[in-house]
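These numbers come from the heavy atoms of this one structure, side chains and all, not from hydrogens, waters or symmetry mates. In what follows, every chain begins at residue 1, and chains take the letters A, B, ... in the order their sequences are listed.
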Amino acid sequence: MTPADLSQAVQAAVSSAVEAGELAVTVPEHVAVDRPKNRDHGDYATNVALQLAKAAGKPPRAVAEVLAERLRGITGVAKVDIAGPGFLNITLDTATAGALARTIVEAGEAYGRNEALQGLKINLEFVSANPTGPIHIGGVRWAAVGDSLARVLRASGADVTTEYYLNDAGVQITKFAASLQAAANGREVPEGGYVGEYIVDIAKAITDVVPGLLDRSEDEQLQVFRTEGLKLMVAEIQRSMDEFGTHFDVWFSEKSLHDSGAVEQATTRLREQGHVFEQDGAVFLRTTDFGDDKDRVLIKADGDTTYFAADAAYYLSKRDRGTEVALYMLGADHHGYVNRLKAIAACAGDDMNHNIEVKIGQFVKMLRDGEEVRMSKRAGNIITIDDVVEWIGVDAARYTLARSSTDSTITLDINVLTSQTNENPVYYVQYAHTRMCGVARKAAELGVDKGTAEQFKPELLATTWENDILGALGEFPRVLATAGELREPHRVARYLEDLAGTYHRLYENCMFLPKGDEEMTDTHRARLWLVEATRTVMANGLTLLGVSAPERM
RNA sequence: GCGCUCAUAGCUCAACGGAUAGAGCACUUGACUACGGAUCAAGAGGUUGCAGGUUCGAAUCCUGCUGAGCGCACCA
């Protein structure tokens with residue numbers, strides 16, 4: 001029995017109590033059934049009596065009494081206690097709890113999937129760093145979190161398109177091109193330009209590919225450096241993302257919005273919605289109608305379109321392509337954009353509380369020798385995605401960056417990253433998985449296995465450690481659903497750490513295989529089912545984080 | 001000045017409004033002639049920044065204060 005099953009059963013109990021006239025309340029849509037931290041509180045606990053007490057006009061414990069009697073009648077429920085202010089503590093019979101192992105093994109990779117977001121078309125945009133340099137540590141965080149979030153959302157049934165917005169138009173690209181040109185000609189990088197080894201490398205790559213380039217006019221050179229530089233830089237970013245295991249379904253070009261006329265059309269479309277006005281020769285969008293602190297310019301007095309106009313066109317493009325929810329992941333330095341982006345949606349006639357979501361993530365702070373490393377492109381001390389991968393590898397990097405809430409700034413110690421990588425909890429989790437694989441290998445050596453489903457006797461999974469891990473395994477689908485609904489993939493990582501610890505304790509206390517000349521027993525077989533179930537969940541969880549589930553370490 | 005986010009163990013971080021606030025690392029002490037010890041057990045470590053409020057119940061929600069990061073362009 002899964003927690004979801006039990007929740008429904010409790011809900012049904014409330015229903016039947018209402019029908020019998022024992023409770024005068026409306027049946028709640030969802031009944032919370034929790035795995036209590038304290039073992040003495042049973043396998044599962046529900047606060048439903050506390051929630052309904054006021055509406056029922058009875059003390060919580062009296063409501064609990066009514067429900068307890070009905071819950072005791074549910075098949076698989078061994079015991080129901082009323083505790084504290086009115087909690088209902090439910091204990092399952094061992095066979096019912098243990099049967100979950102078989103359910104999981106049979107579901108395999110599908111276990112954990114749920115339909116919380118079934119059919120929802122989500123466009124998830126993340127990283128979107130300017131193609132004027134390598135991805136730095138902040139961008140790496142969004143790559144890890146965003147890619148994992150995409151996987152989590154899909155596991156909840158959402159139809160997700162991942163997207164990288166390439167700011168390949170505008171003055172930053174011109175500065176980038178000018179920097180390349182300067183480097184190729186051995187000149188100083190212009191004011192506000194880009195510096196760094198990569199500039200020199202790319203410049204050289206371009207002059208290698210385009211012979212005689214430096215003999216052409218300055219203007220011609222600049223054009224070549226712009227197009228070729230952009231091409232190479234984007235390819236470089238794509239390579240980094242690819243190596244990082246982060247996949248984007250769409251690489252969306254800002255320039256294409258301008259070239260196709262989509263930016264002008266966006267202004268027209270917004271004007272038709274009645275939120276566009278002109279003032280001082282410029283064209284504005286009245287975003288203040290929807291919570292922005294000032295109206296935003298779409299077309300400047302000199303006739304040029306703004307970056308904001310492209311943002312509007314881009315949003316409309318996402319919607320035109322069938323997106324129901326446009327989900328943006330932005331860094332903390334862009335939080336000021338939230339209101340104006342949401343206002344775009346509202347001005348377009350959309351629901352700004354549903355069709356657009358903006359998730360703001362805090363920065364990554366780097367520490368070296370106990371001191372904060374202030375990164376600046378000019379000083380050339382940027383920590384790039386390739387640096388991090390080189391130090392600790394993709395698995396550890398992704399895990400480290402994805403295991404924390406994006407609401408909190410995280411601090412990474414470079415000394416730790418480059419040396420004592422054992423401090424990374426990912427190894428604790430992965431090691432648990434290798435131990436499960438080790439059990440399977442050992443079983444094969446001994447020539448034994450878990451047997452058929454018919455031979456599986458779930459009632460033999462009776463120790464406290466087995467009960468603990470069954471409880472943890474049952475939580476996986478709801479952890480996933482919550483992570484998807486809240487857009488918080490770090491919950492998956494935390495869950496896996498908890499599961500790994502629970503497994504390590506089981507491993508210490510329960511033998512899965514016969515030792516010496518002992519016989520293989522039904523208990524061994526039942527435990528092999530449990531180990532396989534745990535391995536399945538661990539592997540499924542690691543996959544959601546884009547982290548490998550190794551058989552050996 | 002206005003706004004967004006944050007403040008939890010020595011450090012890095014968790015905790016859909018639930019019961020005694022949890023892990024990892026670091027520290028102390030133990031555990032392998034059994035499935036891989038990258039493990040486990042025990043100990044120590046907290047006024048959840050401060051003060052009020054909401055309620056059966058607050059780290060969580062509301063208000064104020066303090067402190068930190070970031071943002072407030074006809075820039076991109």
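A side-chain donor-acceptor contact under 3.5 Å links A:Arg39 and A:Asn467.
Residues A:Arg398 and A:Ala144 share a closest heavy-atom pair of O-CB, 3.8 Å.
Nucleic acid contact class of A:Ala32 (heavy atoms, under 4.0 Å, all strands): base. Contact annotation for A:Lys54: backbone-only contact, meaning every heavy-atom pair under 4.0 Å involves sugar-phosphate atoms and none involves a base. Residue A:Leu446 is classed as having no contact, given no heavy-atom separation below 4.0 Å to the nucleic acid.
Contact annotation: A:Arg403 does not reach the phosphate of B:A23 (side-chain N/O to OP1 or OP2, under 4.0 Å).
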Can you build the contact string for nucleotides 36-46 of chain B? Use B for base contact, S for sugar-phosphate-only contact, and - for no protein heavy atom under 4.0 Å. BSBBSS-----

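By the ring pair (Phe, Tyr, Trp, His ring centres under 6.0 Å) test, A:His41 is found to be paired with no residue, residues two or more places apart in sequence or in another chain being considered. Every residue meeting the ring pair (Phe, Tyr, Trp, His ring centres under 6.0 Å) condition with A:Phe284, not counting sequence neighbours, appears here in chain and number order: A:Phe277. Residues meeting the ring pair (Phe, Tyr, Trp, His ring centres under 6.0 Å) test with A:Tyr427, sequence neighbours left out: none.
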Measure all distances between protein nitrogen or oxygen atoms and nitrogen or oxygen atoms of nucleotides 17-21 of chain B, and list the pairs falling under 3.5 Å.
from: B:G18; atom 1: N7; to: A:Asn47; atom 2: ND2; distance (Å): 2.8
from: B:A19; atom 1: OP2; to: A:Lys37; atom 2: NZ; distance (Å): 3.1
from: B:A19; atom 1: N6; to: A:Asn89; atom 2: OD1; distance (Å): 2.9
from: B:A19; atom 1: N1; to: A:Asn89; atom 2: OD1; distance (Å): 3.2
from: B:U20; atom 1: O4; to: A:Asn38; atom 2: ND2; distance (Å): 3.0

Under 3.5 Å, which N/O atoms of the protein pair with N/O atoms of nucleotides 72-76 of chain B?
from: B:C72; atom 1: O3'; to: A:Lys294; atom 2: NZ; distance (Å): 3.3
from: B:A73; atom 1: O5'; to: A:Lys294; atom 2: NZ; distance (Å): 3.2
from: B:C74; atom 1: O2; to: A:Ala301; atom 2: N; distance (Å): 2.7
from: B:C74; atom 1: N4; to: A:Gln279; atom 2: O; distance (Å): 3.4
from: B:C74; atom 1: N4; to: A:Asp280; atom 2: O; distance (Å): 3.2
from: B:C75; atom 1: OP2; to: A:Lys300; atom 2: NZ; distance (Å): 2.8
from: B:C75; atom 1: N4; to: A:Tyr337; atom 2: OH; distance (Å): 3.4
from: B:A76; atom 1: OP1; to: A:Lys300; atom 2: NZ; distance (Å): 3.3
from: B:A76; atom 1: N6; to: A:Tyr337; atom 2: OH; distance (Å): 3.1
from: B:A76; atom 1: N1; to: A:Tyr337; atom 2: OH; distance (Å): 2.3

Output one line per pair: protein atom, nucleotide atom from nucleotides 2-6 of chain B, and distance, for all N/O pairs under 3.5 Å.
from: B:G3; atom 1: N2; to: A:His335; atom 2: NE2; distance (Å): 2.3
from: B:U5; atom 1: O2'; to: A:Gln362; atom 2: NE2; distance (Å): 3.1
from: B:U5; atom 1: O2'; to: A:Asp407; atom 2: O; distance (Å): 3.3
from: B:C6; atom 1: OP1; to: A:Asp407; atom 2: OD2; distance (Å): 3.3

Taking distance alone, no hydrogens or angles, what donor-acceptor pairs closer than 3.5 Å link side-chain atoms of residues 49-66 of chain A to residues at least two apart or in another chain?
from: A:Lys58; atom 1: NZ; to: A:Glu22; atom 2: O; distance (Å): 3.1
from: A:Arg61; atom 1: NH1; to: A:Gly84; atom 2: O; distance (Å): 2.6

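Residues in residues 295-312 of chain A take part in these salt bridge (charged side-chain N to carboxylate O under 4.0 Å, His left out) pairs, two or more places apart or across chains: A:Asp292-A:Arg296, A:Asp293-A:Arg296. Residues in residues 471-505 of chain A take part in these ring pair (Phe, Tyr, Trp, His ring centres under 6.0 Å) pairs, two or more places apart or across chains: A:Tyr428-A:His504, A:Tyr431-A:His504, A:Phe476-A:Tyr495. Annotation: salt bridge (charged side-chain N to carboxylate O under 4.0 Å, His left out) contacts involving residues 331-340 of chain A, sequence neighbours excluded, are absent.
Of the charged side-chain nitrogens involved, at least one lies within less than 4.0 Å of a carboxylate oxygen, so that A:Arg403 and A:Glu497 count as a salt-bridged pair. Between A:Arg35 and A:Glu475 no salt bridge is recorded (no basic side-chain N to carboxylate O distance below 4.0 Å).
Remark: A:Lys79 NZ to A:Asp43 CG distance equals 9.5 Å, nearest 0.5 Å.
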How does RNA chain B look in dot-bracket form if you count Watson-Crick and G-U pairs under 3.5 Å, write [ ] for pairs that cross, and put | where a base pairs with another strand? (((((((..((((....[...)))).(((((.......))))).....(((((..]....))))))))))))....

